[in-house]
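Here the structure comes first, spelled out in structure tokens, and everything after it is commentary.
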Amino acid sequence: MIFEPYDIVVVGAGHAGAEAAAAAARLGAKVLLITQMLDNICQMSCNPAMGGVAKGQIVREVDALGGWSGIVTDRSAIQFRMLNRSKGPAMWSPRAQCDRMLFSQNWRRVLESIPNLSLWQDEVTALVLDGGTVSGVQTRMGHTIPARAVVLTSGTFLNGRIYIGESAWSGGRVGEAPAVGLSDQLRDLGFEVERLKTGTPVRIDGRTIDFSKLEVQPGDESPAKFSFSDTEPLKEQRPCYVANTNLKTHDILRTGFSRSPMFTGRIQGRGPRYCPSIEDKIDRFADKDHHQLFVEPEGWHSQSWYLNGFSSSLPLEVQLEALRSISGFEQAQIFKPGYAIEYDYFPPTQLVYTLETKRVENLYFAGQVNGTTGYEEAACQGLMAGVNAALKLKGKAPLVLGRSQAYIGVLIDDLVTKGVDEPYRMFTSRAEYRILLRQDNADQRLTPLSHAIGLADDDRMRRVEEKVRKIGELTQMVEECSVVPSEVNGWLEEHGSAPLNQRVRLSSLLLRPELTLDTLSEVAPAVAEAMDRMPEEVVQEVETGIKYQRYIEKEQEVANRILKFEEIKLPAEYNYMQLTALSYEAREKLNRYRPVSIGQASRISGISPADVSVLLLAFAR
């Protein structure tokens, strides 16, 4: 036997696989990470960026739990922006442009530095089963590798098929072979297997772009970072740019519709609604005379540029002609064409909250195999699957996050409760507790939970405790400091704020939308002195906590009430057909999805409030 037994084998080294392997190994499991190409670990197959609206919150949560995506992003970033600054703090979302080659190299360094974690270049073609439990994997090279648990993170590689115009061939990415065999075996085991589609745009030679015709989009003047650890913020940044299509571009693209695999029906899988191809956009929004595009560098020194918003599977000559009709791209040459890829996924209602499958014990799914899209969604699933696989093998309680605890909890609950009919992408609108789940407080929400299971280290926990102490100290000072009308009315008038009639606390003035803690410090020297000693994130969180205190408390009250439904468990093997007071649709869906609690049952499509009342009467005792 070449391979000795492992605790956990992770299949695939994308963003899900890397986080799964790292987390499980750091929890003490002996882990083997298998990938087809070790040189392509955590490849940024699509846009060279991490974060964005809601996605940035996920990366900060992964970091707060002790994952590596935030640290690797900070080490690989070439630009940082905090999105949605004009909106409330619940909507602020960090995003970093990355050097895609450096990102992959940094991830490999991380994985190679972790004890108990081994790497192997090969393709897993089948699972080894012992009854209803996974016991290892078989590989293309003919090896049988024993394992007590397996985490499957195969991305778009399962029976992947690539499309460019009328050409189509098997592949997981352009230039890389698909993974064949696993889908058929899992289908034979009773798993549902379906198809989805995603795509990517052309990569352009930057030497052929006229940037003088484009709108510059710089990074933040004082860039922040993703990780709550001691990574360094950027000292210099590369700019991105903004371009626009035009009516000529749209007319050229339409000439390729008759050869489009999407419009001719050769692609059966459904693509992401919120990240459509350019041909889909001009077909669905025929009244629009232009569409905005983002021109993004792929590295510090690379001449490859990513045209965000121009994803396409049209014939190459149509892509190129349409590209050259855009201002600034008249002489453009491309390094790689845009393409669509169709791949197998497993509807995630076949999983429990730990991301373990219901049909095969100790088998976990994470990432795009669960019907999600995006590096961030994959990374958080990988982290949770790796953590829970390791905890189960140790005989410990699982780590399951609720909807009021994390965006990660929202994502996993959506997947296992509602399933997907298109690639799932996280949005702030999916979370009902957005004020609680801000990007700035992810460490306070999640690091104590991770530290308790041994993933987040003592240094992480000390940082959180120190941050909480400083927030409390500054909050108390702002709440105790008061000002009198004679001292501040002239200053208030200068700032367009109503004068005072009596002495008030500084915290009351802070409730005024036109005032900030930074401006108020001008009339409160003691507070200003304290703020100078505090990190910027502490000052911002104090301001948010005071300004939004009532909303935060109200949201927490709602979360606590709903949590009661989560605590009422449902029996695992109950036959709901015998509960005739339920609607027939409810009985069918409860038998199919097997929710673990009344809270989860209430979120299944087709379960009405009346059905929830019946369940409460039957099981609340």
Side-chain angles (χ1 to χ4, degrees), residues 1-13 16-17 20-21 23-25 27-36 116-155 157-159 179-193 344-367 369-370 381-382 384-400 416 572-573 592-594 596:
M1 181 185 292
I2 296 176
F3 290 93
E4 57 190 65
Y6 286 87
D7 292 320
I8 299 170
V9 165
V10 178
V11 182
L27 286 174
K30 185 178 179 182
V31 179
L32 178 65
L33 176 60
I34 303 178
T35 179
Q36 289 182 345
N116 301 326
L117 174 54
S118 301
L119 307 176
W120 176 250
Q121 182 166 300
D122 203 343
E123 178 191 341
V124 172
T125 55
L127 304 173
V128 180
L129 300 175
D130 182 3
T133 303
V134 71
S135 60
V137 297
Q138 294 177 346
T139 76
R140 181 70 63 193
M141 292 185 186
H143 301 296
T144 298
I145 304 174
R148 298 168 63 198
V150 172
V151 182
L152 181 63
T153 70
S154 299
F157 280 73
L158 291 177
N159 290 331
V180 179
L182 274 173
S183 291
D184 292 338
Q185 181 191 21
L186 289 166
R187 186 182 286 108
D188 291 341
L189 289 171
F191 284 88
E192 297 175 51
V193 185
D344 289 347
Y345 83 101
F346 308 100
T349 52
Q350 301 173 98
L351 307 174
V352 297
Y353 279 124
T354 61
L355 299 181
E356 184 179 9
T357 68
K358 296 176 182 177
R359 289 188 173 274
V360 175
E361 188 174 3
N362 291 349
L363 174 62
Y364 297 76
F365 291 167
V369 294
N370 288 337
Q381 291 175 71
M384 298 304 290
V387 164
N388 281 309
L391 290 176
K392 184 178 181 184
L393 295 184
K394 288 184 172 184
K396 295 185 177 180
L399 177 64
V400 174
V416 305
E573 303 299 327
R592 179 182 179 187
Y593 296 128
R594 293 288 168 195
V596 297

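Heavy atoms only: backbone and side chains are in, while hydrogens, waters and symmetry mates are out.
Between the side chain of N362 and the backbone N or O of V150, no donor-acceptor pair lies under 3.5 Å. Under the 3.5 Å distance criterion, the side-chain polar atoms of K394 are matched with a main-chain donor or acceptor of L27. In this structure a side-chain-to-backbone donor-acceptor pair under 3.5 Å is missing from E123 to I34. Looking only at distances, a side-chain donor or acceptor of Q381 sits under 3.5 Å from a matching main-chain atom of G367.
Contact check for L393 versus I8: side-chain heavy atoms found under the 4.5 Å cut-off. Residues L355 and F365 have side chains not in contact (no heavy-atom distance under 4.5 Å, counting atoms from C-beta outward). Under the 4.5 Å side-chain criterion, counting only non-hydrogen atoms from C-beta, V369 is not in contact with T153. Side-chain contact between Y364 and T357: absent, with no pair of heavy atoms (C-beta onward) separated by less than 4.5 Å. Y6 has its side chain within reach of S118: a pair of non-hydrogen atoms, C-beta onward, lies under 4.5 Å apart. No side-chain heavy atom of V352 sits under 4.5 Å from any side-chain heavy atom of V596. Side-chain contact check for L391 versus L399: some heavy-atom pair is nearer than 4.5 Å. Side-chain contact check for L127 versus L182: some heavy-atom pair is nearer than 4.5 Å.
Taking CD of Q121 as the start and CE of M141 as the end, the distance is 6.5 Å to the nearest 0.5 Å. The distance from atom CG of N116 to atom CG of D7, rounded to the nearest 0.5 Å, is 8.5 Å. Atom CD in Q138 sits 10.0 Å away from atom CD1 in I145 (nearest 0.5 Å). Note that the CD atom of Q350 and the CG atom of N370 stand 9.5 Å from one another [nearest 0.5 Å].
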Next on the checklist: Pair T35, L119 - check side chain to side chain contact (heavy atoms under 4.5 Å, CB included), show working.
Outcome noted: CA-CA 8 Å; T35 179; L119 307 176; over 6 Å; no
Item to check | E356 and N388: CA distance, side-chain angles, deciding distance, side-chain hydrogen bond (donor to acceptor under 3.5 Å, both in side chains) verdict | outcome: CA-CA 8 Å; E356 184 179 9; N388 281 309; over 6 Å; no
Next on the checklist: Please evaluate residues R148 and K392 with respect to the criterion side chain to side chain contact (heavy atoms under 4.5 Å, CB included), reporting the C-alpha separation (whole Å), side-chain torsions for both, the decisive distance (0.1 Å), and the verdict.
Outcome noted: CA-CA 10 Å; R148 298 168 63 198; K392 184 178 181 184; over 6 Å; no
Item to check | side chain to side chain contact (heavy atoms under 4.5 Å, CB included) between T125 and V180, intermediate numbers included | outcome: CA-CA 6 Å; T125 55; V180 179; over 6 Å; no
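Looking at every heavy atom in both residues, A149 comes nearest to V134 through CA-CG1, 4.1 Å. Shown here for Q185 and A126, the closest heavy-atom pair between the two residues is OE1-CA, 3.4 Å. When all heavy atoms of A21 and L117 are compared, the closest pair comes out as CB-CD1, 3.8 Å. Between T144 and V128, the shortest heavy-atom distance links the atoms CG2-CG2, 4.0 Å. Among all heavy-atom pairs drawn from V151 and A20, the shortest one is CG1-CB, 4.2 Å. Taking all atoms of both residues into account, the shortest heavy-atom contact from L158 to S183 is CB-OG, 3.7 Å.
Remark: R140 does not engage D122 in a salt bridge, criterion side-chain N to carboxylate O under 4.0 Å. Between E192 and K358 there is no salt bridge, since no side-chain nitrogen of the basic residue lies less than 4.0 Å from a carboxylate oxygen of the acidic one.
Ring pair H143/W120 is perpendicular by interplanar angle, where above 60° counts as perpendicular and below 30° as parallel.
Test T133, L129, L186, L351 against L363 for side-chain contact (heavy atoms from CB on, under 4.5 Å) and you get one pass: L186.
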